[in-house]
Amino acid sequence: MFLKNCWYVAALDHELIDGKMLGRTLLGENVLLYRGESGQVTALNDRCPHRGALLSEGRLEGDSVRCMYHGIKYDGSGKCVQIPGQDMIPPKLRVRSYPVVEKGHLIWIWMGNAAQADPALIIDLPYLEDPNWKGIPAYLHYDANYLLIVDNLSDFSHLAFVHTATLGGSEEYAFVTKPIVVEKLERGFRVERWHMNSDPPPFHKKVIRDKRSKVDRRNIASMFIPGIFNMETLFAPAGWDVQSGNYAGVRQYRNCQFMTPETERTTHFFWVYLNNFEGEDSTISLSLLNSLIEGFMEDKAIIERQQKTLEADPNFQMLGILADAPLAHFRRVLGKLIDAEQVPAAATGTHA
Amino acid sequence: MFLKNCWYVAALDHELIDGKMLGRTLLGENVLLYRGESGQVTALNDRCPHRGALLSEGRLEGDSVRCMYHGIKYDGSGKCVQIPGQDMIPPKLRVRSYPVVEKGHLIWIWMGNAAQADPALIIDLPYLEDPNWKGIPAYLHYDANYLLIVDNLSDFSHLAFVHTATLGGSEEYAFVTKPIVVEKLERGFRVERWHMNSDPPPFHKKVIRDKRSKVDRRNIASMFIPGIFNMETLFAPAGWDVQSGNYAGVRQYRNCQFMTPETERTTHFFWVYLNNFEGEDSTISLSLLNSLIEGFMEDKAIIERQQKTLEADPNFQMLGILADAPLAHFRRVLGKLIDAEQVPAAATGTHA
Amino acid sequence: MFLKNCWYVAALDHELIDGKMLGRTLLGENVLLYRGESGQVTALNDRCPHRGALLSEGRLEGDSVRCMYHGIKYDGSGKCVQIPGQDMIPPKLRVRSYPVVEKGHLIWIWMGNAAQADPALIIDLPYLEDPNWKGIPAYLHYDANYLLIVDNLSDFSHLAFVHTATLGGSEEYAFVTKPIVVEKLERGFRVERWHMNSDPPPFHKKVIRDKRSKVDRRNIASMFIPGIFNMETLFAPAGWDVQSGNYAGVRQYRNCQFMTPETERTTHFFWVYLNNFEGEDSTISLSLLNSLIEGFMEDKAIIERQQKTLEADPNFQMLGILADAPLAHFRRVLGKLIDAEQVPAAATGTHA
């Protein structure tokens, strides 16, 4: 069961170029996304109500779409506007449309009650549109429930063991560092963790000149409902004083990840890893893109195997350790929101 | 659920050459088909009642078959006639046999109560055995319920959008033509549709010399229980008078298609597309075979996707348009016949 | 449902060389097998109780294993001995371990109640450790329930039809030979069958010089709970008198096969085919290995197809013939043992 009344990332904006008819399953529903002639992005249920053909296999006509089985045409609101060979259009013959908003080079969709779809509720991540922050947006598909990815991002001790040679750097990270702040938020959490006087981890070493000096590393990670991760990372010369205001030699990253359920057992994973120091040297973004993909592949192997293990034994009860406090809080908050969403439906007998 | 007491096409006659042991699933049952030494075609349940081995992996011996696991032998009626190493044959050890009839170069099978299997009930399509009508019989496998193919053939407006560049010719067909006759039959329907003064469609253009002159096109399509489609197509010079009796320059086709359920979600699709004008020029049949395969592949992509869509959401209720009258009638008739077949079974408590 | 309180073969000893972390599903449970630094073989449930990651993807450290997701470490008894970044170890955080014993170059495992795991219950097959008997241990994976393999080995008339050109030799075997002894044992059966004055079968012919003389063939096959097959095969010059004590020119084999359920529908099949006459000529073992694989592939095709047939129709009732007496006895004995195992569980309400 998914939280419906919230904004999810449906696509990266560049996925909708050149009249692309993008069919994508979101929260178990087949959705067609396209940018019409007017420039407006439309999201429609991807199924012709006549005989069930895919509208994403249809033809874009202006801001409308024509089903290419029997030629029935729908406008961007989902209203049927033409049936070849028939004058009268039955009012029932319409397709569900979903509210969509473009923000931060992302296409956001609201899969729940359209009346509640307030664009002001979309998270504000200013770096996504700031030309000083550079990075290459990318996409991965996971054969795993999105919450397993959320879990993964909730405890950074996994950096030490899963990503030793890529994003982590050493196993020491798990033994000598701990979160110094674990803040429970109304719709998520915020964790701050320092690693002092350490070697720069491999991904960072690749994009800096001085590969020998020790660094102080700070990660401030936030997670928000329904599955939006944002981490501010900073590498400073070892011994740096955060109060000093002196950011010379400090390197910063912004890590933005968006988990959108495809189905109960698969996930769309959108992400961009930004830096503010590459200037005109775009090879830095490219190197970081490759490093992150390398690291994500390490996660993917574990998380997709977890999915299989959980499916094979639905009775398996995971046992928590202290580091699981953030993920436990997040799952509790999400569970309550989902339950609350079911109440009115149950009350009116339309419980889905 | 399938209609059992009716004739289905089980195979094309040339599929049973050279002692071929053809294992084929029909209406969810595994059936072995073979032509024995005597020339007689036999259909047996394809499972040795001893340990369940496939008889189609066995050995043809005269008109009998020997299971090649432990060597048990059955005659063409399904009776066990030998158990190696054992003299007494238990009467229970027998295989179900099915009535089969050869007609029109097709092997017809009756999957229901054998006592009702009257060969006179097999549809009469004289062109199938008339040497003046030429064509190449062929087979396609569909990952879709057979009724979705029946539906497809019930509304020819899809020619305009699905087959524009192959069997259709132009989108105009859907806008300017309509069935002029829609006749509901006791066990099917009959639809007549004309397209006047149009360009010959691509498949036809390939096999005629005069590719420029306009033609009048007439399709008379019939569908019969359980899923037998027959269409008489005629292309005449534009302005031709059907009453004239002058068939010079008129080109005719006979389109015979036989949908036999393999399972609830897959179908055997047998077909032959005949013409009566090729004379000794067999390249015409070959061209038509290729054109039809091209067109069927266009249907197959849509229909197999429909199947997935319907399986993903069994609650989806299709919405009819006016052109759906024939298919709605066909499904109603078929539904009643299936219901009627269940009554005696239910009454005797052997409801399957 | 499986018999739990008995010894199964989990692996061949050479599968655990070089610190191999072998993840293998046994009786539906994921098990990690490894030989630690001390030489001791350990079997643990292959799932970290923290977040469900595979321990077989972890790291061997001495006789312990570290999960490589968050670094939690377990010793060979399954006890958690380290959580990076946390001092207190919750006693609940432990992994199930299984009793294991090495015998006959095989790793035996006890999947039931560890308190009952008496090594003396492991079957004694002395040839497995006798240097006079030579053979190459091997493994096959079956997509079929293990009892279908047991069935196969219970009636050797299948040699005649399935293995005519490999292990059998002629169809005559099924018609002219019968078991002369069928002994029902408390936990299995024993069958003795002679084939007099026959051509040597192909697999044997390949490893002997005199390929023309007739032989007398004796098979004494035994099957034991849970699925352990052992056959003593002897080829003597035709007319040989077993009482004579003269074994010149007699060739003997020992056929050891171990069926261990992977799941209800798949099986681990371990086997070794031994001879006592090759001396220093190891090409004989190689030839026999290849002949047996050839024969097993013939069985595999039939047995895996049986599995599909049975899954497709769970109501199918096989019909027995006289030759099925041993397999019927074995299934009866096994069924009773499984039932008996369920009683205490049911009585205490922990029926699984």
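Since the model is a prediction, treat every value here as computed from it, not as a measurement.
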For this session: Pick one of side chain, backbone, both or neither for C:Ala174, based on which atoms fall under 4.5 Å of a heavy atom in chain B.
Result: both
For this session: Count the heavy atoms of every other residue, nucleotide or ligand shown that sit under 6.0 Å from NZ of B:Lys308, and state whether that count exceeds 12.
Result: no
Exercise. Under 6.0 Å from the CD atom of B:Gln116, do we count more than 12 heavy atoms belonging to anything else shown?
Worked result: yes
Exercise. Hey, does B:Arg51 have a side-chain heavy atom less than 4.5 Å from the side chain of C:Gln306?
Worked result: yes
For this session: Would you mind telling me which of C:Leu148, C:Asp313, C:Val162 has the largest number of heavy-atom pairs within less than 4.5 Å of chain B?
Result: C:Val162
For this session: Looking only at non-hydrogen atoms, find the nearest pair between C:Leu322 and B:Gln86 and report the distance.
Result: N-OE1, 3.0 Å
For this session: Go through the atoms of B:Glu29 and report whether side chain, backbone, both or neither lie under 4.5 Å from a heavy atom of chain C.
Result: neither
For this session: With a 4.5 angstrom heavy-atom cut-off, could you sort out which part of B:Ile83 is near chain C: side chain, backbone, both or neither?
Result: side chain
Problem set entry | NZ/C:Lys205: more than 12 non-hydrogen atoms of other groups inside 6.0 Å | yes
For this session: Report yes if some heavy atom in the side chain of C:Phe156 is under 4.5 Å from a heavy atom in the side chain of B:His70; otherwise report no.
Result: no
For this session: For the residue pair C:Asp324 and B:His50, establish whether any side-chain heavy-atom pair is separated by less than 4.5 Å.
Result: yes
Exercise. So which part of C:Asn152 gets closer than 4.5 Å to some heavy atom of chain B, the side chain, the backbone, both or neither?
Worked result: both
Exercise. Between B:Met68 and C:Glu171, is any pair of side-chain heavy atoms under 4.5 Å apart?
Worked result: yes
Exercise. How many angstroms lie between OH in B:Tyr69 and CD1 in C:Ile303, if you round to the nearest 0.5 Å?
Worked result: 4.5 Å
Exercise. Would the number of heavy atoms belonging to other residues, nucleotides or ligands and lying under 6.0 Å from CG of B:Asp87 be above 12?
Worked result: no
Exercise. Picking from B:Leu93, B:Leu54, B:Ile89, which has the most non-hydrogen pairs under 4.5 angstrom with chain C?
Worked result: B:Leu54
Problem set entry | Separation of C:Ile302 CD1 from B:Cys67 SG (nearest 0.5 Å) | 7.0 Å
Problem set entry | Minimum heavy-atom distance C:Phe316-B:Pro49, with the two atoms named | CZ-O, 3.9 Å
Exercise. Less than 4.5 Å apart, any side-chain heavy atom of B:Ile72 and any of C:Phe161?
Worked result: no
For this session: Under 4.5 Å heavy-atom distance to chain B, tell me which part of C:Leu159 shows up: side chain, backbone, both or neither.
Result: neither
Exercise. Just wondering, are more than 12 heavy atoms of other shown residues or ligands nearer than 6.0 Å to NZ in B:Lys92?
Worked result: no
Problem set entry | Side-chain (C:Lys178) to main-chain (B:Gly85) donor-acceptor, under 3.5 angstrom | yes
